[in-house]
Amino acid sequence: MTRQLGAAGGSARRRLAAAAPLRRLAAAAPLRRLAAAAPPRRLAAAALVLVAALLLAAVPRPARAFGEEGAWNPRPLLTGNARWEGVRATAPARWSFELERRTSAPARRNPTTVRADDPALLAEPFALWGGEGDIPPLTEREVFGLRRFLALGGVLFVDDFAPGSGAFGRAARRELARVLPEGSPIPIGTENVVFRSFYLLPRAVGRVEGPQKLSAIVRGGMPQVIFSDHDLAGALARSDGGGPSVEVTPGGEAQRERAFRLAVNIAMYVLCSNYKDDQVHAPFLMRRRAVDDTRPRTAPRGAP
């Protein structure tokens, strides 16, 4: 009778890991029989084959905890005639750099833009929609594209680059009400997983301090459209010389560091779809977080 491993409802990962030694022994049995039947001159060669097989079987397999392709891709979303340019153009690359530097998650260093009406929108789980002024109404194709993206479980981060006026934030909420007429934004704070997915954050910040909380359209109990009135991209952006592109107020570089941490949390929330249940990387992440607190806050030369 096969021994039951773990409690009922345990993960498939634990069952497979527990069964691995049995599989290795079963695979090695024919090699042992071959070695026993072989002449003495072949005994050493058979033993080497057996050792090599056991060593290969013992190599740990990489865990797939970050999705199908395993790479964070903070794609800027474009609608209408918008283009991704200006002082915040480097923000997605910086976002990827900070995630790789602080966690075990791989990321794409040169994210490309995607349009709301492009089928390529459905190929990745995340998009960044930012701006600083009013926007024209979405076309029907754009509404349909965003609706499909969200229906498949995509996460949209809406970042107002000029929260003082709030024009973009209001326009984005207006248009997303057409995409998700059944959903309305609600405040989310430290009780939400977005504030706890890697760093424990006391509040949201970006280029500006802004409100303590983010807003989100929550579906199935999880934030799916996240609104920031903080200009997170402004805090992330880097100049050609490697320094910050935009001044952070009122908290300066300490506030920029907190904005980086919020960006990392958002990425980890998106990539770890079952954050509370899938803890395969937890010990490694905790060590990385402890080390990160002692590191310098500037990027290496040549980094985004």
Side-chain angles (χ1 to χ4, degrees), residues 72-99 110-116 121 126-138 142 146 155-177 179 185 187-188 194 201 203-217 223 225-241 243-267 270 304:
W72 168 244
N73 189 10
R75 305 172 298 167
L77 178 76
L78 301 180
T79 63
N81 296 321
R83 294 186 295 178
W84 186 254
E85 57 188 8
V87 295
R88 294 170 182 81
T90 60
R94 181 68 183 189
W95 201 334
S96 291
F97 169 78
E98 290 296 334
L99 181 72
N110 296 294
T112 56
T113 60
V114 65
R115 300 199 64 84
L121 176 62
F126 180 81
L128 160 66
W129 193 19
E132 54 186 342
D134 196 3
I135 57 174
L138 298 177
E142 290 172 335
L146 285 171
V155 175
L156 181 65
F157 182 69
V158 181
D159 193 21
D160 193 336
F161 297 164
S165 70
F168 177 79
R170 288 191 298 271
R173 286 170 172 80
R174 179 195 70 215
E175 296 306 308
L176 286 167
V179 176
I188 59 170
V194 172
L201 301 178
R203 57 163 299 151
V205 294
R207 176 185 61 82
V208 300
E209 192 171 49
Q212 287 196 352
K213 296 185 176 184
L214 300 168
S215 297
I217 297 176
V225 181
I226 303 173
F227 298 89
S228 165
D229 297 317
H230 306 83
D231 187 14
L232 184 62
L236 290 167
R238 309 293 289 182
S239 67
D240 292 339
S245 291
V246 185
E247 181 183 359
V248 169
T249 59
E253 293 309 303
Q255 181 176 318
R256 193 186 304 276
E257 167 60 22
R258 293 195 296 273
F260 286 168
R261 295 186 177 200
L262 176 60
V264 167
N265 272 29
I266 292 168
V270 174

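These numbers were taken from a predicted model, which means no experiment stands behind them.
Atom CD of E247 is separated from atom CD of E253 by 9.5 Å, given to the nearest 0.5 angstrom. From R203, atom CZ reaches atom NE2 of H230 across 6.0 Å, with rounding to the nearest 0.5 Å. From N73, atom CG reaches atom CG of L128 across 11.0 Å, with rounding to the nearest 0.5 Å. Atoms CZ and OG1, from R238 and T90 in turn, are 8.0 Å apart once rounded to the nearest 0.5 Å. Atom CG of D231 sits about 8.5 Å away from atom CD of E132, to the nearest 0.5 Å. In this structure, R88 CZ and R94 CZ are separated by 16.0 Å, a value rounded to the nearest 0.5 Å.
For the pairing with F227, the side-chain contact (heavy atoms from CB on, under 4.5 Å) check across I217, L214, I188 returns one residue only, I217. Partner of I226 under the side-chain contact (heavy atoms from CB on, under 4.5 Å) criterion, out of V194, V158, L156: V194 alone.
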Derivation of the side chain to side chain contact (heavy atoms under 4.5 Å, CB included) call for L232 and I266: CA-CA 11 Å; L232 184 62; I266 292 168; 4.0 Å; yes
For a side chain to side chain contact (heavy atoms under 4.5 Å, CB included) check, start with the C-alpha distance between V208 and D229, then their side-chain angles and the critical distance, and finish with the verdict. CA-CA 8 Å; V208 300; D229 297 317; over 6 Å; no
For the pair W129 and F168, evaluate side chain to side chain contact (heavy atoms under 4.5 Å, CB included) and give the outcome as yes or no after the intermediate values. CA-CA 10 Å; W129 193 19; F168 177 79; 4.0 Å; yes
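The two residues R207 and P163 make their nearest non-hydrogen contact at NH2-CD, 3.8 Å. Nearest heavy atom pair, residue R75 against residue L121, reads NH2-O, 3.0 Å. The nearest pair of heavy atoms linking W72 to S96 is CD1-OG, 3.8 Å. Scanning all heavy atoms of the two residues, the minimum distance from W84 to A89 falls at NE1-O, 3.2 Å. Closest of all the heavy-atom pairs between I135 and R174 is O-NH2, 2.9 Å. In this structure, F126 and P74 approach most closely via the heavy-atom pair CD2-CA, 3.7 Å.
Formation of a donor-acceptor pair under 3.5 Å by the S245 side chain with backbone atoms of S239 is found in this model. In this structure a side-chain-to-backbone donor-acceptor pair under 3.5 Å is missing from R170 to D134. Remark: side-chain polar atoms of E175 are paired, donor with acceptor, to backbone N or O of L138 under 3.5 angstrom. For Q255 (side chain) and G206 (main-chain N/O), a donor-acceptor pair under 3.5 Å exists by modelled atom type.
By the ring-ring contact (aromatic ring centres under 6.0 Å, His included) test, F161 is found to be paired with no residue, residues two or more places apart in sequence or in another chain being considered. In this structure, D159 has no salt bridge (charged side-chain N to carboxylate O under 4.0 Å, His left out) partners at least two apart in sequence or on a different chain.
Within a 6.0 Å radius of CD in E85, more than 12 heavy atoms belonging to other residues, nucleotides or ligands are found.
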